[in-house]
Amino acid sequence: MDYMRLSDANVINEKYMDSILIEERLIDSVVADTSIRFFGETFDMPVMTPAFSHLPNYGGREYSGLEEYSFAAKECNILNFCGMMENDQFEKLIKTGAKTVRIVKPYADHEKVIDQMRCAESAGAFGIGMDIDHIFGPEGRDVVVGEEMAPQTFDMLRSYVELTKLPFVVKGVLSVSDAVKCADLGAKAIIVSHHHGRLPYAVPPMMILPTIRKALSGRDVRIIVDCGIVTGADVFKAIALGADAAAVGRSMLSSLEKDGIPGTVSFLKNVGKELRYIMSFTGFSGVSKIDPSVLHFTSSDPCPR
Ligand SMILES: Cc1cc2nc3c(=O)[nH]c(=O)nc-3n(C[C@H](O)[C@H](O)[C@H](O)COP(=O)(O)O)c2cc1C
């Protein structure tokens with residue numbers, strides 16, 4: 001096995017997630033309810049779309065991939081996310097009617113950050129955030145599609161929180177240290193993520209989730225997890241380990257590309273159906289009742305009971 005494969009955080013993540021097993025608790029069990037409350041709204045399931053960018057109009061269809069999955073999120077009544085884009089593109093996404101959190105890039109051009117956050121709020125975003133894990137590249141600072149990124153300080157992030165009335169989400173948290181800083185600076189949610197493997201040997205988000213949950217106990221910060229979320233079983237494990245919700249990622253792309261809005265709706269609904277099935281099988285009637293006691297770790301247990 002070569003270094004690239006050994007160090008690939010996506011491979012490490014997949015292996016870790018697959019090593020977690022689930023026991024059954026059927027007596028007295030009922031068909032579960034997957035709905036959740038998040039930032040004051042009710043959603044049909046704790047499944048969210050990923051903060052994606054740069055998706056074309058697949059198959060020459062009318063809407064871009066970003067708009068298509070936003071329409072799907074609206075139809076599924078789930079929280080929608082989007083990533084790097086210009087303001088006119090974001091305004092188009094808002095027209096889909098999806099409740100959307102705009103994850104602004106950590107641009108070195110500070111004015112651009114502020115402008116995109118202001119635009120998001122005035123256009124009707126549901127929340128605003130930043131992916132803090134896209135700042136370094138092989139040459140030093142990262143450059144994304146020609147735009148330079150910059151490290152973000154605690155004070156910069158706090159100033160974004162203070163700039164908006166909307167809930168602020170920090171994406172790319174992968175340590176207790178950053179999670180606690182996010183709580184201290186006033187973020188209302190974090191996305192525990194390694195941004196599909198930007199850091200070699202990155203700890204699987206689900207492995208670090210229980211310690212982050214514990215560190216944020218009693219703080220008003222919701223926890224979303226992403227990376228390698230493909231099925232309802234993955235979402236179930238994420239919630240059992242301490243997340244409030246999980247976001248799918250590249251797992252959504254083939255349905256989106258091939259079958260657009262209906263394909264994405266079907267993919268997302270199937271994730272939700274499998275989640276409900278597993279909740280029912282494990283005796284959890286609602287999402288907030290799920291706990292880690294049904295999980296069995298075939299590698300080391302990060303969450304001793
Ligand atoms: C095409 C594409 C575009 C993405 N654009 C962004 C982005 O602009 N901002 C961001 O925070 N994350 C972005 N991501 C990362 C995702 O939001 C997410 O963290 C990641 O895909 C999760 O890993 P997974 O695909 O293995 O599930 C992008 C991912 C892909 C595949």
Side-chain angles (χ1 to χ4, degrees), residues 14 17-18 20-22 24-26 29-52 65-82 96-101 126-127 169 189 191-193 205-206 209 222-292 294-295:
E14 192 180 327
M17 284 166 60
D18 287 347
I20 303 171
L21 308 179
I22 305 166
E24 294 180 1
R25 293 183 189 173
L26 295 164
S29 194
V30 295
V31 174
D33 172 8
T34 61
S35 66
I36 53 159
R37 296 277 300 164
F38 201 93
F39 291 165
E41 292 282 335
T42 300
F43 294 96
D44 284 3
M45 50 185 176
V47 180
M48 295 172 177
T49 56
F52 271 178
L66 297 163
E67 289 166 284
E68 288 188 329
Y69 82 67
S70 301
F71 277 118
K74 159 112 179 116
E75 193 169 330
C76 294
N77 187 31
I78 63 172
L79 186 56
N80 190 43
F81 280 84
C82 68
T96 65
K99 293 194 171 72
T100 303
V101 177
F126 187 71
V169 180
I191 304 184
V192 178
S193 170
M206 284 214 208
L209 202 47
R222 310 304 299 277
I223 302 176
I224 303 163
V225 69
D226 82 359
C227 291
I229 302 291
V230 180
T231 63
D234 296 333
V235 178
F236 178 84
K237 291 176 189 178
I239 289 168
L241 290 168
D244 296 295
V248 296
R250 288 167 296 171
S251 53
M252 186 182 79
L253 278 178
S254 59
S255 308
L256 175 65
E257 182 168 356
K258 188 163 163 282
D259 295 320
I261 303 169
T264 310
V265 167
S266 160
F267 168 77
L268 291 166
K269 287 199 169 167
N270 283 338
V271 173
K273 279 183 198 166
E274 188 179 73
L275 170 66
R276 188 180 61 200
Y277 180 75
I278 294 175
M279 287 171 65
S280 308
F281 245 87
T282 46
F284 297 114
S285 57
V287 174
S288 62
K289 297 189 170 139
I290 301 175
D291 72 50
V294 288
L295 300 183

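We're numbering straight along the sequence, starting at 1. Everything numeric in this text was worked out from a predicted model, so none of it was measured.
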Just do the side chain to side chain donor-acceptor pair (under 3.5 Å) check on Arg37 and Thr42 with the steps written out, would you?
-> CA-CA 4 Å; Arg37 296 277 300 164; Thr42 300; 2.8 Å; yes
Does any part of the side chain of [Y], heavy atoms only, come nearer than 4.5 Å to the side chain of [X], both counted from C-beta?
X      : Y      : value
Met279 : Val287 : yes
Pro46  : Phe38  : no
Val169 : Ile191 : yes
Leu295 : Leu21  : no

Could you walk me through whether Ile229 and Met17 pass the side-chain contact (heavy atoms from CB on, under 4.5 Å) check?
-> CA-CA 9 Å; Ile229 302 291; Met17 284 166 60; 4.3 Å; yes
Atom pair [atom1] ([X]) and [atom2] ([Y]), whose distance is rounded to the nearest 0.5 Å:
X      : Y      : atom1 : atom2 : result
Met45  : Ile36  : CE    : CD1   : 10.0 Å
Thr282 : Ile22  : OG1   : CD1   : 7.0 Å
Leu241 : Ile239 : CG    : CD1   : 10.0 Å
Glu75  : Ser266 : CD    : OG    : 10.5 Å
Glu68  : Ile261 : CD    : CD1   : 5.5 Å

Nearest heavy-atom pair of [X] and [Y]: which atoms, and what distance?
X      : Y      : answer
Ala247 : Ile224 : N-CG2, 4.2 Å
Ile20  : Lys237 : O-NZ, 2.8 Å
Pro50  : Met252 : CD-CE, 3.7 Å
Leu79  : Phe43  : N-CD2, 3.6 Å
Thr96  : Ser70  : OG1-CB, 3.4 Å
Thr49  : Leu268 : CG2-CD1, 4.4 Å

Take Ser251 and Phe267 through the side-chain contact (heavy atoms from CB on, under 4.5 Å) test and state the conclusion after the steps.
-> CA-CA 9 Å; Ser251 53; Phe267 168 77; 3.6 Å; yes
Hits for ring-ring contact (aromatic ring centres under 6.0 Å, His included) against Phe71, two or more places apart or cross-chain, chain-then-number order -> Tyr63
Tyr277: ring-ring contact (aromatic ring centres under 6.0 Å, His included) partners, not counting sequence neighbours | Phe281
Donor-acceptor pair, Asp234 side chain versus Thr231 backbone, under 3.5 Å?
-> yes
Do side-chain atoms of Thr264 reach the backbone of Asp259 as a donor and acceptor pair under 3.5 angstrom?
-> no
Could you check Thr100 against Phe126 for side-chain contact (heavy atoms from CB on, under 4.5 Å), going step by step and ending with a plain yes or no?
-> CA-CA 5 Å; Thr100 303; Phe126 187 71; 5.6 Å; no
Restricting to pairs with a member in residues 270-286, which pass salt bridge (charged side-chain N to carboxylate O under 4.0 Å, His left out), not counting sequence neighbours?
-> none
Starting from the C-alpha separation in whole Å, work towards a yes-or-no answer on side-chain contact (heavy atoms from CB on, under 4.5 Å) for Phe52 and Leu253.
-> CA-CA 10 Å; Phe52 271 178; Leu253 278 178; 3.7 Å; yes
Fit a plane to each ring of Phe284 and Phe236, take the angle between them on a 0 to 90° scale, and name the class: parallel (under 30°), tilted (30 to 60°) or perpendicular (over 60°).
-> tilted
